[in-house]
Amino acid sequence: YGYTLPGWRKHRITYRILNYTPDMENSDVEEAIQKALELWSKVAPLTFTRISKGNADIMVAFRTRVHGKCPRQFDGPLGVLGHAFPPGPGIGGDTHFDEDENWTKDSSGFNLFLVAAHEFGHSLGLSHSNDPSALMFPNYAFIDPSKSPLSQDDIKGIQAIYGSSSKVPAKPKRPTIPQACDPNLTFDAVTTFRREVVFFKDRHLWRIYYEVSEVEFELISSFWPSLPDDIQAAYENNRDETLIFKDANFWKINSYAILPGYPKSIYDLGFPRHTKKIDAALFNRITRKTYFFVEDKYWRYDEINQSMEKGYPRRIARLFPGIGLPVDAAFQYKRFFYFFSGTKQFEFNPVTRNITRVLKANSWFQCQKTLNSSPYNSFSQEKNSNSKSVQVISRKSFILLIYNITYLLTEIYR
Amino acid sequence: FPADPKTEHEESRHLAQAYLDQFYTLETEGSHLIQNKSNVPLDGKLREMQAFFGLTVTGRLDSNTLEIMKQPRCGTPDVGQ
């Protein structure tokens with residue numbers, strides 16, 4: 001690029017359109033001129049104000065056969081398309097378009113926006129660039145006007161004169177990466193996934209394996225590229241399918257494949273039209289019923305009949321007293337339900353219908369502070385103790401069986 | 001009827017001269033003798049123009065150079081005054 005210093009000694013520059021071309025609607029001319037100036041004001045600390053009377057810094061005009069004596073004559077159709085003077089008083093900054101050309105707002109003739117953007121580069125102090133990809137290259141080439149025609153060379157050039165604009169968007173913020181051991185960590189959704197538990201957060205997920213003391217952290221898109229970020233609810237049913245919810249849509253996943261025909265509408269499941277999103281979902285493996293949590297209410301869905309049960313929604317506090325609201329996420333692990341609300345997690349015994357523990361939401365990860373109270377670790381401890389005595393296992397299994405039968409009978413009765 | 005090569009060449013030379021005059025401030029006044037004898041200003045400006053456009057710098061009016069000169073373009077000279 002090339003430029004002439006000092007450019008304009010001010011940052012507020014006026015322009016005036018002296019006349020219009022008959023080739024285009026006046027409003028299209030005005031739009032092309034305005035957009036051409038905006039192109040530069042986006043990358044340099046410049047503002048352009050249109051005036052309709054008096055002497056503006058940049059006087060814009062369509063002319064024929066002008067500049068005759070100077071070595072820059074407008075030469076009829078084709079050839080020279082436009083000309084602009086560098087910054088300065090009088091004719092300085094003035095911009096002329098050859099009226100003998102066919103001016104258009106598309107590519108059928110010479111695109112006024114592109115030529116104006118080039119000429120205004122001169123009006124601001126840039127000279128021609130010998131980079132063929134630059135807007136300031138002297139020869140006309142049509143570029144899709146929906147894309148910015150400014151090259152890095154053009155931007156460097158204008159910023160060499162005026163500095164960079166505070167309006168230039170800073171480098172896009174790097175998306176925040178959630179930290180597993182952040183005490184303020186909350187979850188979007190949690191579900192079992194075969195022999196794992198998956199915790200969703202923004203664009204990411206953590207997965208923990210039942211038998212392995214490892215926490216994996218991944219992008220959701222690494223597993224399911226077509227799933228959206230910021231999902232809101234998820235659960236795994238008894239048919240090896242995982243359902244993922246966001247707003248009024250849900251996707252069905254089998255292993256790493258999203259089943260064809262999804263997303264579908266949550267209204268297909270039987271939700272009323274005023275329900276716009278699901279906060280959390282929990283599948284009870286014993287009763288084969290799925291609970292859907294929406295604000296302070298829940299629905300119950302029969303996975304065997306594939307239908308929403310009648311008599312719902314009901315108040316969450318009625319069946320799950322004491323759990324925090326709203327429910328961000330929920331899932332079943334062994335005989336307990338785990339509800340997540342903000343940074344808290346409620347371990348709930350569905351048989352006795354009471355909260356057995358209140359934990360940090362991230363207690364499933366091996367964070368040192370929560371290590372001892374982690375149900376994940378209680379699982380490990382349980383696993384380690386298994387080798388001690390067969391009798392212990394039998395007794396535990398028997399108790400678990402009694403619990404399950406009792407719970408099943410209670411649920412059927414209810 | 002094939003075009004007269006002599007005329008074509010002459011047209012190209014005029015085009016180049018006008019182009020360089022317009023965009024490379026080809027100075028002819030006061031240097032007619034030199035120009036007539038060796039074409040030095042024309043050759044020099046041609047080289048300048050070819051270098052600017054990334055063409056092979058030959059100093060001769062070859063087809064690539066002529067092609068660029070015939071393209072629609074900005075009226076502002078490529079070199080500062």
Side-chain angles (χ1 to χ4, degrees), chain A residues 1-5 63 65-86 93-98 100-103 109-111 114-142, chain B residues 3 8 10-32 34-35 39-81:
Chain A
Y1 61 88
Y3 58 92
T4 313
L5 290 174
R63 298 274 188 255
R65 305 281 171 184
V66 291
H67 307 300
K69 289 286 177 187
C70 311
R72 344 184 148 87
Q73 66 273 21
F74 278 9
D75 50 1
L78 304 178
V80 172
L81 308 179
H83 177 268
F85 293 94
D94 291 358
T95 301
H96 298 155
F97 302 102
D98 188 348
D100 286 330
E101 312 303 344
N102 177 30
W103 296 107
F110 289 110
N111 184 282
L114 290 173
V115 177
H118 174 103
E119 296 306 336
F120 292 142
H122 290 310
S123 301
L124 297 172
L126 289 174
S127 49
H128 283 145
S129 166
N130 58 3
D131 175 354
S133 70
L135 177 66
M136 293 313 293
F137 191 67
N139 291 3
Y140 177 86
F142 180 75
Chain B
E8 201 177 338
E10 195 70 12
E11 278 176 9
S12 298
R13 205 178 64 81
H14 281 302
L15 174 85
Q17 190 146 357
Y19 187 94
L20 295 174
D21 188 25
Q22 189 163 3
F23 303 110
Y24 289 84
T25 52
L26 181 65
E27 294 190 17
T28 51
E29 277 182 279
S31 58
H32 280 204
I34 301 167
Q35 192 186 3
N39 274 345
V40 168
L42 189 69
D43 292 357
K45 287 294 172 187
L46 258 183
R47 287 172 190 276
E48 201 176 323
M49 180 250 170
Q50 287 166 334
F52 179 84
F53 280 94
L55 300 167
T56 308
V57 180
T58 60
R60 290 195 306 275
L61 195 58
D62 51 40
S63 57
N64 290 338
T65 309
L66 262 176
E67 201 176 312
I68 289 276
M69 287 177 168
K70 287 174 183 171
Q71 281 180 11
R73 57 154 292 156
C74 175
T76 304
D78 294 335
V79 291
Q81 300 186 58

| salt bridge (charged side-chain N to carboxylate O under 4.0 Å, His left out) involving A:D100 - partner list, sequence neighbours excluded |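 Salt bridge (charged side-chain N to carboxylate O under 4.0 Å, His left out) list for A:D100, sorted by chain: A:R65.
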
| query | How about residues 126-134 of chain A versus chain B: which residues have heavy atoms under 4.5 Å apart? | reply |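 Counting heavy atoms that sit under 4.5 Å from chain B, the residues of residues 126-134 of chain A involved are A:H128, A:S129, A:N130.
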
| said: Going by the rule ring pair (Phe, Tyr, Trp, His ring centres under 6.0 Å), which residues pair with A:Y140 if we only count those two or more places apart in sequence or in a different chain? | reply: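 Partners of A:Y140 by the ring pair (Phe, Tyr, Trp, His ring centres under 6.0 Å) criterion, ordered by chain and then number, come out as A:F110.
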
| request: Check ring pair (Phe, Tyr, Trp, His ring centres under 6.0 Å) between A:F97 and all other residues, then give those that pass, not counting sequence neighbours. | output: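 A:F62, A:W103.
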
| query | Where on A:E101 is there a heavy atom nearer than 4.5 Å to chain B: the side chain, the backbone, both, or neither? | reply |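 Neither the backbone nor the side chain of A:E101 comes within 4.5 Å of chain B.
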
| How far does CD of B:Q22 sit from CG of B:D78, to the nearest 0.5 angstrom? |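 Interatomic distance, B:Q22 CD to B:D78 CG, rounded to 0.5 Å: 10.0 Å.
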
| task | For the residue pair B:T76 and A:H118, establish whether any side-chain heavy-atom pair is separated by less than 4.5 Å. | result |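 A side-chain contact under 4.5 Å is absent here.
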
| request: Among A:D94, A:T95, A:L124, A:L81, find the residue that satisfies the side chain to side chain contact (heavy atoms under 4.5 Å, CB included) test when tested with A:E119. | output: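 Testing A:E119 for a side chain to side chain contact (heavy atoms under 4.5 Å, CB included) against A:D94, A:T95, A:L124, A:L81 leaves exactly one candidate, A:T95.
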
